[in-house]
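For reference, the structure is listed below as structure tokens.
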Amino acid sequence: MKAGLLHYGRLLLSSFILFIVVITVLFFLLELAPGDPVQALVGDVPLTEEFRERIMAAYGLDKPLWERYLIYLGNVLRGDLGYSFATNAEPVLDIILSRAGNTLAIAMPSFILSTLGGIVLGSIAARTRKRWLDGGISGIAVGLFSIPNFWFGMLLIMVFSITLGWLPTHGKSPYGQPGIYWEYMVLPIITMATTELAYKARIARSAVIESLGQDYIDTARSKGLSSRRVLWRHALPNGLLPLVTVSGYSLGFILAGSVLVERVFGWPGMGLLFVDAIERKNNMVVLGITIMLTITIIIVNIITDVIYGIVDPRLRARLAPKQEVTT
Amino acid sequence: MTRQETRTTGPSSPAPDARTAPLAVRERSHGGQGAAWRAFLRRPSTLVFLPLVIIFVLVAVIGPFFVTDPVATSFPKLLPPSAEHPFGTDMLGRDYLARVVYGGQISLLVGFSVAVLCMTFGLIVGGLAGYFGGWIDTAMVKIAEFFQVLPGLVLALVAAAVLGSNIVIVGALLAITMWPGVGRIVRAEAMRISKLGYVESQKAAGFHSLRILWSDVIPNAMPPVLVATTMTVGRAILIESGLAYIGVGDPSNPSWGGLLNEAQSYMRDSWWLALLPGTCIFLVVLAVNMLGDALNDAFNPTIGRVK
């Protein structure tokens with residue numbers, strides 16, 4: 001137990017340091033960016049020097065760089081991501097949270113669909129005796145992750161929205177309507193899920209093939225278990241360990257990919273906000289979104305590690321002897 | 001730790017190791033790989049996709065001599081594909097075939113140069129990290145972790161917005177964010193190979209570390225590195241196209257992704273604008289990935305199908 005705690009303590013510490021490094025790199029990178037936050041705040045009107053100084057002082061922009069960095073870092077750790085200068089000094093966190101729900105509404109279904117679909121297709125491909133089925137699934141998987149994801153979305157729009165007229169092309173609801181309508185979610189979710197599904201199917205296939213080759217599978221077979229039971233009870237649980245890691249990272253890829261997918265479908269989530277903020281040099285929002293993304297990925301990584309520790313008996317065993325040494 | 005231990009136990013039996021060493025080297029680095037290369041070249045997917053990649057490269061290199069000026073707005077706007085304009089014309093009346101050919105130059109150049117840069121960085125840093133361990137190993141693992149937590153696409157977007165978005169900067173950014181992928185593979189291979197008997201015996205015989213790295217570790221690590229590098233070509237083309245689609249890149253010299261950015265507003269009536277550059281990206285990336293798979297299968301025949 002003590003060894004387990006030590007392991008997770010070190011994991012938390014290194015994640016925290018990584019987080020600080022990410023903030024630091026991005027903060028100084030964005031400091032290099034041309035652009036004038038005060039001008040961005042008031043819009044395209046001439047400024048008096050006195051007014052400028054007042055604004056600079058009000059937002060702490062007159063302080064030296066390193067001091068602003070430390071203040072920003074302190075604020076982030078307290079959950080304050082600063083103010084968006086381009087949009088009437090709204091708090092960045094509020095802007096992001098108002099969009100986060102929209103992104104999650106398509107990202108989470110994509111994550112679940114791609115994980116389940118990937119496992120099922122990968123296992124079928126690994127186990128089937130029909131070469132054409134395996135070849136077909138594997139070939140489609142390579143094909144799907146060779147497609148530029150955003151272009152796949154454009155193709156879906158051209159086929160299902162423009163040609164067939166079944167689904168809307170753009171946005172999350174009919175013009176002026178609040179909320180999210182399901183017709184609008186279908187194509188973005190499919191687009192987001194495809195690449196990840198193909199990737200996971202490949203991983204699942206090779207993982208299951210590898211675990212089907214292990215001795216304990218022969219043991220299970222020789223006990224007379226049905227091949228379905230061998231797959232679901234013996235090969236899959238062990239074979240899917242690598243998929244836990246892959247799934248953890250895939251959530252990060254899906255969220256990062258939302259930048260492209262949301263642009264294709266005009267989906268008003270964090271990805272669109274991010275592109276918009278970059279175009280308008282709205283640095284605090286850019287920084288804020290990147291920080292939120294990083295936190296999400298780090299938390300998912302920690303959860304992945306914990307799940308791994310629970311499901312992987314080898315890891316449990318490796319942690320246990322250490323405990324004898326330390327106590 | 002383990003390396004230290006094996007080194008201290010090494011000299012106790014130097015003679016048999018030293019005698020078997022040259023044989024092992026020859027076997028591993030030449031005979032085995034030659035057969036694998038022949039197996040690679042005989043694979044059906046190689047026969048299809050290697051020529052495809054070569055055709056795309058040839059078109060990018062010599063195509064510009066055969067097409068019209070890609071920026072001359074001398075034709076009617078938005079003509080669908082025809083005998084005169086096989087790819088149609090775009091919204092400003094430019095020959096789209098010419099634009100796709102020139103766009104391919106950018107996309108392929110980025111893809112291949114990023115992959116070569118990644119392989120070079122990966123071999124150097126990953127090789128040193130895996131062979132020597134210690135601080136350089138820790139540093140590499142941390143850098144790889146950094147790029148795992150901060151997706152390359154996001155970092156490249158931010159950095160390109162700051163540093164300006166010409167194609168050299170985009171390529172450099174992709175190489176910086178993507179090399180740890182190759183580096184980790186080299187590192188794992190270098191760790192494995194440096195513990196092999198004949199490498200241990202070379203160490204015991206006092207060979208210089210860099211010489212062992214160069215003439216034994218790196219050649220033997222090459223198969224998985226080549227697979228990863230091949231895959232990197234495809235991934236770099238994909239990420240570059242995504243960045244260009246969002247508007248990062250040189251708008252007066254658009255890659256395939258840049259053409260798709262322009263095509264977005266014309267999807268309703270001018271399908272060829274979106275369809276053709278995307279198909280090119282898809283075919284090249286597919287070909288490269290299939291070649292990567294074929295390489296992998298040729299060099300790892302053990303990972304095959306279950307009976």
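All chains are named by letter (A, B, ...) in the order of the sequence lines, taking the proteins before the strands, and each is independently numbered beginning at 1. Below, each value reflects all heavy atoms present in this structure, side chains not excepted, and no hydrogens, waters or symmetry copies.
For A:V25, the part lying near chain B is the side chain, with the backbone staying farther off; criterion is any non-hydrogen pair under 4.5 Å. The parts of A:V22 that come within reach of chain B are both its backbone and its side chain, each placing non-hydrogen atoms under 4.5 angstrom from that chain. Residue A:T163: no heavy atom, backbone or side chain, is found under 4.5 Å from chain B. Heavy atoms closer than 4.5 Å to chain A are found in both the backbone and the side chain of B:L275. Using a 4.5 Å cut-off between heavy atoms, A:L155 touches chain B through its side chain atoms alone. Proximity to chain B is limited to the side chain of A:L293, based on heavy atoms less than 4.5 angstrom apart. With a 4.5 Å cut-off on non-hydrogen atoms, A:V286 touches chain B through its side chain but not through its backbone. Within the 4.5 angstrom heavy-atom criterion, atoms from both the backbone and the side chain of A:M154 approach chain B. The part of B:N261 that comes within reach of chain A is its side chain, from C-beta onward, which places non-hydrogen atoms under 4.5 angstrom from that chain. Interface remark: A:L255 contributes no atoms to any contact with chain B (heavy atom separation under 4.5 Å).
Using a 4.5 Å cut-off on side-chain heavy atoms (C-beta onward), B:E145 and A:I17 make no contact. Between B:L153 and A:F253, every side-chain heavy-atom pair lies at or beyond the 4.5 Å cut-off. Inter-residue side-chain proximity for B:I246 and A:F274 is flagged as unmet; no heavy-atom pair is nearer than 4.5 Å. Using a 4.5 Å heavy-atom cutoff, the side chains of B:R235 and A:F145 are not in contact. By the 4.5 Å heavy-atom criterion applied to side chains, B:L150 and A:L26 are counted as neighbours. You'll find the side chain of B:L238 stays beyond 4.5 Å of the side chain of A:N149, heavy atoms only. Inter-residue side-chain proximity for B:I281 and A:W151 is flagged as unmet; no heavy-atom pair is nearer than 4.5 Å. Looking at heavy atoms from C-beta onward, B:K142 lies in side-chain contact with A:S14 at the 4.5 angstrom threshold.
The CE atom of B:M267 sits 5.0 Å away from atom CD1 of A:I162, with the distance rounded to the nearest 0.5 Å. How far CG of B:L260 is from CG of A:L260: 11.0 Å, rounded to the nearest 0.5 Å.
Annotation for B:R184: atom CZ does not count as buried by contact number, only 12 or fewer foreign heavy atoms lying within 6.0 Å. For A:F160, the CZ atom counts as loosely surrounded, since its 6.0 Å shell holds 12 or fewer non-hydrogen atoms of other residues, nucleotides or ligands. By the 6.0 Å contact criterion, CZ on A:F16 is open, its count of non-hydrogen atoms from other residues, nucleotides or ligands being 12 or less.
Listed by sequence position, the residues of residues 43-50 of chain B in contact with chain A number zero, using a 4.5 angstrom heavy-atom cutoff.
Listed here is the closest heavy atom pair of B:S241 and A:P148: OG-CB, 4.1 Å. Looking at every heavy atom in both residues, A:R263 comes nearest to B:Q264 through O-NE2, 4.3 Å. Of all non-hydrogen atoms in A:A256 and B:V154, the two that sit nearest each other are CB-CG2, 3.9 Å. Across every non-hydrogen atom of B:N289 and A:S146, the tightest pair is ND2-OG, 3.0 Å. Heavy atoms only, all atoms of each residue included: B:V158 and A:I278 are closest at N-CD1, 4.1 Å.
Counting heavy-atom pairs under 4.5 Å between each of B:L283, B:T279, B:V288 and chain A puts B:T279 at the top. Top candidate by heavy-atom pairs under 4.5 Å with chain A, chosen from B:G247, B:G242, B:G234, B:P277, is B:G242.
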